[in-house]
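Order of the sequence lines fixes the chain letters, A, B, ..., with proteins taken first and strands second; residue numbering starts at 1 for each chain. As a basis for the values below, the full set of heavy atoms in this structure was taken, side chains included, without hydrogen atoms, waters or symmetry mates.
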Amino acid sequence: MSLRGVTVVAELAAGTPTGLSRELLGLARRLVAEIGGQVCAACPGADEAAAAELIAYGADKVYTAGEPALAEYDSDGWTACVAVAVREAGPAAVLIGHTTSGADLAPRLAFRLGAAVATGCVAITLESGVLRFTRPCYGGNVRETISFNTALKVATVRGGCYDALQHDPRRAGETITVAFDKTARRARVLERQRDSGADVRLEEARVVIAGGRGLDGPEGFEVLAELARELNGAVGASRVPCDLGWCPHSMQIGLTGKTVTPELYIAVGISGAGHHMAGCGNARNIVAINTDAEASIYKDARWGVVGDYRKVIPALVEAIRELRATQGRGKA
Amino acid sequence: MHIVVCAKQVPNPEAAFSMFKVDEQAKTVIPASGLQMVMSPFDEQALEAALRIRDAGIESRISIMTLGPESARAVLKHGLAMGGDDGVLLSDAALQDGDAYSTARVLAAAIGKLGGCDLVLTGRQAADWDAGVVGCGIAELLQLPVITFARDIKVSDRTVRVERVVENGFDVIEAPLPAVVTVSNELGAARTPTLRETMRAARKPVVMWPAADLGLGSGEVGAAGARRVLDRLFVPPRKGACDLVDGATPEEQGLNLAQRLLGAKLL
Ligand SMILES: Cc1cc2nc3c(=O)[nH]c(=O)nc-3n(C[C@H](O)[C@H](O)[C@H](O)COP(=O)(O)OP(=O)(O)OC[C@H]3O[C@@H](n4cnc5c(N)ncnc54)[C@H](O)[C@@H]3O)c2cc1C
Ligand SMILES: Nc1ncnc2c1ncn2[C@@H]1O[C@H](COP(=O)(O)O)[C@@H](O)[C@H]1O
């Protein structure tokens, strides 16, 4: 089976490719360097400026529907439009971000195009001419590496696993407008409700402070917010506080929540279940603060403090302020 | 309304991971003896969503469907005790060891054999392989609209209206019936069976269909019909070298940690 070309489905935020979309373009370039063919980007809502950005980040061709109505994800519209683009581009693989949009689109696209799909991948490799997909399973405790006996492979990839290329505005590429069947739309989006608040986006934050059941109530998140302000970080959570209503579900990190890859991840009152670590295990530096010295989280942490967060966090905030003052430095 | 809830039997995903072993040679996960097999939690919530539709006053027949070994009958029993009306067990040797693709094909064919339905509910992903593929697969195969990651489902007058979870909030999406909806944990906890329902469940009908009854050839189902090849299964290495920050008081611990962070240029 000869492999050629990779198509990336790109998502935009505020009109430019998301960090994850840029990472996928970087991965696609690396793969086509081995298998040959082009890197195509399918981005239903892309305008000229967004297409130019996708090219600057590595695409040879951008397929767009030129439809402002498709700027935001819409399952039927995107599936129809991306299917047309992939049929035209004829790649060996389609790479999609493992977001709520990508996780919706990928399986639909795979079934529609007679392909197979690997969701939530953390690595895609080429071994003796075979594309292999590595992904967490069994609640993040196990990894499987799989391949497919179909010509076309579709994968969703978690954030932070690959590096984006340098933005290069001199890179050349072309934009192709695809027509698609608008009547394909059966499910209609009536309303888009978005949480306000959260000034630093979790997925992009350099520092994430996450709280778990050990916070013992919503007030605990105020203690974390104080530390987050000091470190210019974002606050996240394990699933338990979200399910208990201590914080919104949009803060959930893990296998079925967000994937974060900050420089610094401070897990507070979190035991370190595989389900949770699947969303933060790739953080550069993990700090665990927990009353239980036997908690599993210490197996993933670089630094650990055994103690009650109610006392440790305020002390940490105080110490950071003092250290900064003696060093004559302000906030990061 | 006829609602079909697809539910898979999985090893209890809440169990400590020490209850599992990975045989890298045989490429299988081996649950320790004594580990419970349960209905996958998101599927339980899919059934909960179906029961809430009925509780909201929409007259509904709720069928629970599972593909698995004979032991998966326990999942149907549990679903019937929660309040489902009847069960479909898809079980025979030819159906075993499939992947998401062959599973979706079998479930779609079985829904066809039921004469179709108004609403198919699945979990967002099964808690063993965590794939999240089968629900959308059924929809594509049956050419039905699909809405994923539901946290609320309302049915009225030939349409389904779903609150669909996204990264920073939710979308409200409406689709005509019949449709497929996949359910996420934001829906809220599933009910536990009452003693009365559990007693009644024993008398509810369960059919068992082998592959041959579904009009699918043996090459199209189970391992033979799979598109996925499992190359490797392993336990990821953990960092395991945690530096426990000392200190006799929280103040000392806080200071020592701050110094470590500063030393690593993280402040
Ligand atoms: C199918 C499925 C999917 C899931 N997906 C996710 C997911 O995406 N994300 C996720 O996070 N979970 C997920 N879970 C849940 C997961 O299995 C765990 O149950 C959960 O991560 C545990 O959360 P926790 O660590 O906050 O709570 P616990 O495991 O209860 O740990 C609480 C910790 O707090 C410590 N503690 C108590 N008091 C204090 C104190 N005063 N100071 C400091 N520490 C204290 C305790 O020692 C303990 O270690 C999923 C589960 C299933 C079944
Ligand atoms: N063997 C099965 N029997 C019944 N339903 C299943 C089966 N496998 C998957 N499903 C349904 O499809 C959903 C997604 O599964 P998966 O794509 O395997 O993660 C599950 O939550 C179930 O609702």
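- Using a 4.5 Å cut-off between heavy atoms, B:Ala241 contacts chain A through its backbone alone, with no side-chain atom that close.
- Side-chain atoms of A:Asp104 and A:Ser101 include no donor-acceptor pair closer than 3.5 Å.
- Interface remark: A:Glu318 contributes no atoms to any contact with chain B (heavy atom separation under 4.5 Å).
- Chosen from A:Val287, A:Val317, A:Thr256, the residue pairing most often with chain B at heavy-atom distances under 4.5 Å is A:Thr256.
- Contact of B:Val134 with chain A is not made at all, since no heavy-atom distance falls under 4.5 Å.
- There is no side-chain donor-acceptor pair under 3.5 Å between A:Ser296 and A:Ser271.
- Interface residues of residues 250-259 of chain B toward chain A, defined by a heavy-atom distance below 4.5 Å and sorted by number: B:Pro250, B:Glu251, B:Gln253, B:Gly254, B:Leu255, B:Leu257, B:Ala258, B:Gln259.
- The salt bridge (charged side-chain N to carboxylate O under 4.0 Å, His left out) contacts involving residues 302-314 of chain A comprise A:Asp216-A:Arg310, A:Asp308-A:Arg310, where partners must be two or more places apart or lie in separate chains.
- Most heavy-atom pairs under 4.5 Å with chain B: of the set A:Leu190, A:Thr99, A:Thr119, this distinction falls to A:Leu190.
- Residues of residues 14-27 of chain B lying within less than 4.5 angstrom of chain A, judged on heavy atoms, are B:Phe17, B:Phe20, B:Val22 in numerical order.
- In this structure, the ring of B:Tyr101 has its center less than 6.0 angstrom from the ring center of A:Phe111.
- In this structure, a donor-acceptor pair under 3.5 Å is present between the side chains of A:Thr259 and A:Arg158.
- At a cut-off of 3.5 Å, with distance as the only test, no side-chain donor of A:Thr18 or A:Glu11 sits close to an acceptor on the other residue.
- For the residue pair A:Arg108 / A:Ser75, a side-chain donor-acceptor distance below 3.5 Å is found, with atom types taken as modelled.
- Contacts between B:Val235 and chain A at a heavy-atom distance below 4.5 Å involve backbone atoms as well as side-chain atoms.
- The stretch residues 218-234 of chain B places B:Ala226, B:Arg227, B:Arg228, B:Val229, B:Leu230, B:Asp231, B:Arg232, B:Leu233, B:Phe234 near chain A, each with some heavy atom under 4.5 Å from a heavy atom of that chain.
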